Every structure is written in C-alpha cells, then in structure tokens.
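Quick note on labels: first sequence line is chain A, next is B, and so on, each numbered from 1. Values in this document were obtained by computation on a predicted structure and should not be read as measured data.
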Amino acid sequence: MLTNLEYLSAQVRRALTLAFGAEVSGADPLLSEASNPKFGDYQANVALPLARQLKQSPRQVALEIVNHLHVAERFEVPAIAGPGFINFTLKPSYLAAQMQAIQSDPRLGVALVSQPQRVVIDFSSPNIAKEMHVGHLRSTIIGDCLARVLEFQGHTVLRLNHVGDWGTQFGMLITYLREVCPEALTTAEVIDLGDLVAFYKRAKHRFDADADFREAARQEVVKLQAGAADTTQAWKLLCEQSRQEFQVIYDRLQVHLSERGESFYNPLLPQVLTDLDAAGLLAQDQGAQCVFLEGFTNKDGNPQPLIVQKSDGGYNYATTDLAALRYRIQQDQAQRLIYVTDAGQANHFAQVFQVAQRAGWIPHDIEITHVPFGLVQGEDGKKLKTRSGETIRLRDLLDEAIVRAKADLEARLVAESRREDPEFIESVAEAIGIGALKYADLSQNRTSNYIFSFDKMLALQGNTAPYMIYAYVRVQGISRKGGIDFGQLTHPTLVLEADAELTLAKHILQLPEIVQQVALELLPNRLCQYLFELSQKFNQFYDRAPVLSAAEPQRTTRLVLCDRTAQTLKLGLALLGIQVVERM
RNA sequence: GCGCUCGUAGCUCAGUGGAUAGAGCAGUUGCCUUCUAAGCAAUUGGUCGUAGGUUCGAUCCCUACCGAGCGCGCCA
C-alpha cells in the first residue's frame, strides 16, 4: 500500500512524461503536505521550476500536468492555484474506505518494511560506580524510542548498553576500598550504589592529592588488566552492584537493554592497533600511537591525532569504540549503526568514523550515524544541578515527577469530589509522571539544548503527555458510558461528512508516513508533534460531534473514529515508550 | 585560534527553497442541566540575530559578522 505521497509522486511523474516527454520525467514532483488546509491536503510545486525550462507560464505547465493526471482513485479533481501550485484534496469516500481497512488492524496501517535490517543502537551507557543522571535520561529515552520505532517496522534491533565498566577509575576505587571497606571487595551487597558514589568521590580526591595512592591505583589497574584474581573479583562485584542499581531505573522507565560494556572489547584492542598499522594509518607521536586526522586541526593548526594507544601502553576509548564498531559490523552483522550520545561527542565520533572509514572497515552499504542531543539545562539556562551544585540523580528526578503527578491528581480528586483507591492513584501518578518526563524530552528537537521544567512537563494543558493521555481517556469514557465494545465494530459502514470527522480521519491515516519519517530522520519529536495534533483534532471533534447521541450512520462512524484515535494514541505513545491509562 | 551546534512571538519550542511563518504557555474574552472543562472557540503578540550573495522566489542554501553553548593529544 503506497502512502499518499508515494502515490501522488508516481502519478505526477507519469503525467510529466505524458505531457512533456521523457526528458522531464526525472524531475522531482516537489510534493508536500498542503501548507494550509484551505489549499487541500497535498500540493505539487513542480510546475514552478519547470516553467522556465519549458518556456511556458507556470500555470500553463500546471494545467498540462493536471490534464494528464489520473488520481481519481484517491483525490478530487486537482486544483491549480496561485502562481502554479497543484492542490490535491482526498475524497471522503476514499478516506472512509481507508478507515474501514484499518478498523481491525492492530498496526493501524503501518506496514512491515520489505527489507528488514539488523540495527545496533548504542544508548544509555552509564558508568559503573557512578549514579545515572539527567544526561543518561536523554540517551536512554531517545535511544529506546528509536529502537521501538525500528522494531515496530520489523527491523532486528540490538539495543546495546555500552557501560563504562573499564578504565583507570577502577584502580583508584579498588585501592580506596581496600583501605576503608575491604569487605566490599569480597562480599556482595555490602554497600549500595549511593555509598559507592561517595567512595568514588573520595577516591578521586585521594588520587589527585596523594602520590603514593596514585601509584597504588596504577598498580591496581595493571593487576586488573593482567587478570589478577582478587582485583578481578573486586571489579566484578562493583560492576554487579552498579548493574542492580541501573536495573531499578530501567525497570521504572520500562527500557530494555543488553549490557555489553567497554570491557567486552578488551581482547580485541591489540588487533585494532595491528590492523591500523597494516593499513598504514598508524604513527607514533610523543610516545603515543596515533592516527592523524583529515580535516581536524589542533590549537596550533597542525593535524590532530586520534590517540589509540597511550604512551604508557594503555588503550583509551577511541580504541574501544573502533573495536566495537568493527565487532558490530563483522560479528553482529549490523547494517545500520546508531549511537545516541550527547552532542559534545560529535567530534569524537566523526573522528572514529573517519579512521574506521580510512582503514576500510565500513562497507559501502553500512550506515553509521551519530544521533546527538543537547544538554539538559535548568530553568536558569545553566547545566542542570541541585541547589548545592550537585549533579541530580536520575532516581530523584523520577521520584519527583511521580510525587508531583500524584499531588496534581489528588488535588483534582478533591476538587471534583471523587474517591479513588490508593492503587489507582499510585498507578496513574506513576504512568503520568514517567510519561510526562519522557514526553517532555522527546517532544523537542533533540539537537538543541533542553530546558528541564517539572511544571511544564506535568502541565495539564499544552503539548504534554497528560494532555494526550487525557484524549485517550476521553474515548474510554465514551466506551464506558455507552457500553460500547469497540472490538464489535468489525464491519462498520462509515460515512464521513462533517469537517471534524474528515480532519480527524485524515490525520489518523497519516501514521504510516510519520513512522517512516521518524525511522529515517531519527527525530522522535516528529512523532510527538503528530500525536499532539491528533489529540487536538480529536478534542475538536469531541467538542463538535456528539457520538453516543448521534443517529446512524453518524454514530457508528464516530465510534470508529473514536476507537481508531485512541488506538493510534496508544500505539504512538507506546512507540515513545509511554503508557496510557484507562481513567485518570 | 580552529571546529561543531544553535539564534524564529514576553517565555518554551515547531517548521519549510515556494502561497498570509506555526503551536503551547503567559495575557485578554467567551462556552459546563450535555460522552471527564486536564477541554473547545475567539483574540493580542514576529524587521525568523545583523549585513551581503545565489534564485523566478530565501526564515531555510552560500559568505562575513554579532551573540550563546559545547568540543579541541594521552578521561569517557
């Protein structure tokens, strides 16, 4: 089933060939959604640039195209307007047929892709022995959303949590714990992550201030890399401790990941060096093994190196990322690699990708994309911190979102003299709080910085999760009130007449195009925008078109519109990783 | 110094080589005996950072400048 844009594109190309011959058949039809609903649903602008080439007036060109156009299956007779725009309006009968076609379709018309890919998405990636914070929130929920969208399209997605489970920090942490809490290194569950973070900070402090400590920490790293039993055991315990804490967060966010940390690639690092050398890319500089980059200069204007082996012989994250990239292509057989990290790492990834490219490790048909996102800022425009200047813990953020959602709900229950049991209040507050937190982040173009505000994300009106969930709840209200089982509407006869009905139906039917767009551009905010507009159009419909009291065939038509709206919202929000509730 | 990202309404943000640049919030004003008013309708508000250029047409592409953020060799 072609989308409307695909259908129009094919038809306009055919008309171009018929009207003007083969030489213009390659012209882009310049199709888009209508810039304004009063012009119809879609527009083709191809006549404007073609006019000059054909030495005819744009309107004349448009007329020739329309005369050779056959779109009656879906559209009214195309109209020519303005300087030479061709406007298309969908037929109500076609819309009704399409609504009927998706009536019992759980995928709401969204097709599976014809050529599923293996996709690796690298996201979340917190560091062992540190708390997850707001920075991880963006990566986690954007990555999860992209994974859900691609999975829904039928791709095989490997969701990789590239946790920071290796490196010099373990040397100082283990050294410090040997001094102050040795049992933590041999016994599970002795300390929780909060303590571990405190230990880490004190260890860092010692490391910076005390030369003996520094040397001991280095020795510990050497032991770890050599696989010494006691150090390795301690390392594993620390990782397990962190892992359990992370899992609490992931469970609350309902995000699934496969952990494959940096340490996984350790055995592969020497080969990276060997192969870079074989490719003639390796150079030694100031004792370090480097690849000099093209297009990157340092502060002196000289070519900048990517260091792949430090002068002390250790490897760094560039080496690990190169090994991971190769492993994902060769072993995981990934055809598309997606990295969801903050925009500050754009240079790093551009550099790693360049080196991998020059080493010949990226086949032509493999797509590698860094999906950057901006900083999370407080309402003062600065990097989000607590009042005392500490990094805000992710778990506290989740707690506060839920507490605030609960307070809103309880105030509303009082205002409306409603009584609900505690389980209801808890579950709604949880869904609304977490949903609002995710939606606020996903609804912005990820490339810009994001100003974090509980008040805005939990606002009951506007482009927020509560507003959309409320639209869903309204449909369920109709179902309850009228004793309607939407599942029984299997072969409805639909007659779309009122503007509110047509507008809503058109919007519902756009879901496949939106999903396709998000999968291509990797911008979740497009889906958010779609769902927000759907909610708005439903609320307008709800206001203007009574459902239960309508006569047939309006009543059935409107019931179907309600049901499909609700299912579209539920599906769309699910793709964002957000749950709906039946009442709120 | 170089690089990347960004600059759109009072605030938070969408958006596109094409028709009169949109939304939410805030402000003003209507609409609840009616499917939950967490809603709907109306209305105020813009030299799309500045200046050039390309184009039939630029908020969008190019150049310069101004401003903000981030990054720039042995952390990740």
Just checking [X]: base, sugar-phosphate only, or nothing, at a heavy-atom cut-off of under 4.0 Å?
X        : result
A/Pro372 : nothing
A/Val475 : nothing
A/Lys481 : sugar-phosphate
A/Tyr467 : sugar-phosphate
A/Thr297 : sugar-phosphate
A/Tyr542 : base
A/Ala545 : base
A/Thr447 : sugar-phosphate
A/Asn445 : sugar-phosphate
A/Gln286 : base
A/Asp165 : nothing
A/Gln377 : nothing
A/Pro58  : nothing
A/Leu548 : base

**Request:** Check the distance between B/C70's C1' and A/His370's NE2 and give it to me in whole angstrom.
**Result:** 12 Å
**Prompt:** B/C2 C1' sits how many Å from A/Lys299 NZ, rounded?
**Reply:** 10 Å
Any idea which of [options] is nearest the [X] side chain?
X        : options             : answer
A/Met584 : B/A38, B/G39, B/C13 : B/A38
A/Gln345 : B/C72, B/A76, B/A38 : B/A76
A/Ala81  : B/A38, B/A19, B/C35 : B/A19
A/Asp543 : B/U36, B/C40, B/A19 : B/C40
A/Lys456 : B/A19, B/A38, B/U12 : B/U12
A/Val547 : B/A76, B/C35, B/C56 : B/C35

**Asked** Is the ring centre of A/Phe207 less than 6.0 Å from the ring centre of A/Tyr176?
**Response** no
**Item:** Structure string for RNA chain B in dot-bracket form, Watson-Crick and G-U at under 3.5 Å, | interchain
**Value:** (((((((..((((....[...)))).(((((.......))))).....(((((..]....))))))))))))....
**Message:** Quick check on B/C35: is either OP1 or OP2 less than 4.0 Å from any side-chain nitrogen or oxygen of A/Arg474?
**Reply:** no
**Asked** Does A/Arg138 come within less than 4.0 Å of A/Asp342, counting only side-chain N to carboxylate O?
**Response** no
